[in-house]
Amino acid sequence: MKKFVLLTLALFYAFGISAQIGHSPNIDSDSTSSYITALLEDIDMKIHKVDANNRYKFYPTENMYNFLKLDTQTGRIEQVQWSLDTDKEGSIIINNEDLSWISGSLFELYPTQNIYQFLLLDKSNGRTWHVQWGMEDNTRWMRRIY
């Protein structure tokens, strides 16, 4: 219910701003939805006093050039690759879905014996996912463990 109220307030706020400045052809719907999502997350963090300094966490993999970046509030995961060659650096999304059911969810990644696989745990209710990172699109995935 809180998310619905926050979403409604953010939408009224966003529409009020766009009505004041008019329609801009350079702003696409993705940037507007990203802006609204960021606004909602900011409001949610302020209401629940989430420490924004500890929201994201890096997890090393056995490959020294790859880390997994976890949003501990939503369960979103990115594979981040660093290199001395800038053309070999970047990040790829493994999971872009908000997995939190309630505000205050806390997610944690746990490595397995397989260097490419981790377990994601929602510490607020015990839900678990099997996560695999990799260098190719078809080797990166995540699925729920029931």
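FYI, side chains are in, hydrogens and waters are out, and symmetry mates aren't considered; it's all heavy atoms of this structure. Nothing here was measured: the structure is a model prediction, and the numbers come from that model. Throughout, residue positions are numbered sequentially from 1 according to the sequence presented.
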| task | List, by chain and number, the other hydrophobic cluster members for Tyr59, where Ile, Leu, Val, Met, Phe, Trp and Tyr join if side-chain heavy atoms come within less than 4.5 Å, directly or indirectly. | result | Leu68, Leu70, Ile77, Ile94, Leu99, Phe107, Leu109, Ile115, Tyr116, Phe118, Leu120, Trp129, Val131, Trp133, Met135, Met142
| field | Approximate separation, where rounding is to 0.5 Å, of Asn96 CG and Arg76 CZ | value | 5.5 Å
| query | Can any side-chain N or O of Gln79 pair as donor or acceptor with the backbone N or O of Ile93 at less than 3.5 Å? | reply | no
| How does the hydrophobic cluster around Trp82 look, that is, which other residues are in it when side-chain heavy atoms under 4.5 Å mark a link? | Phe58, Met64, Tyr65, Phe67, Val80
| task | For Asp85, check side-chain hydrogen bond (donor to acceptor under 3.5 Å, both in side chains) against everything at least two apart and list the hits. | result | none
| query | Within a reach of under 6.0 Å around CD1 of Ile145, are more than 12 heavy atoms found that belong to other residues, nucleotides or ligands? | reply | yes
| query | In chain order, what residues pass the side-chain hydrogen bond (donor to acceptor under 3.5 Å, both in side chains) check against Gln132, with sequence neighbours excluded? | reply | Gln117
| note | So salt bridge (Lys or Arg N to Asp or Glu O under 4.0 Å) across residues 110-121, not counting sequence neighbours, yields none
| request: Provide the closest heavy-atom pair for Leu119 versus His130 in the form atom of the first, atom of the second, distance. | output: CD2-CA, 4.2 Å
| query | Atom CD of Gln73 and atom OG of Ser105: how far apart are they, to the nearest 0.5 Å? | reply | 8.0 Å
| Those residues that, when tested against Asp87, pass salt bridge (Lys or Arg N to Asp or Glu O under 4.0 Å) (two or more places apart) | none
| field | Rounded distance (nearest 0.5 Å) linking atom CZ of Arg127 with atom CG of Asp122 | value | 4.5 Å
| request: Might you point out which heavy atoms bring Ser100 and Asp98 nearest each other, and give the distance in Å? | output: OG-OD1, 2.6 Å
| query | Hey, are Asn63 and Thr61 close enough side-chain-wise for a donor-acceptor pair under 3.5 Å? | reply | no
| message | Can you confirm whether the side chains of Ser91 and Glu78 place a donor and an acceptor under 3.5 Å from each other? | response | yes
| request: Verify, without hydrogens or angle tests, whether Arg140 (side chain) and Gly134 (backbone) share a donor-acceptor contact under 3.5 angstrom. | output: yes
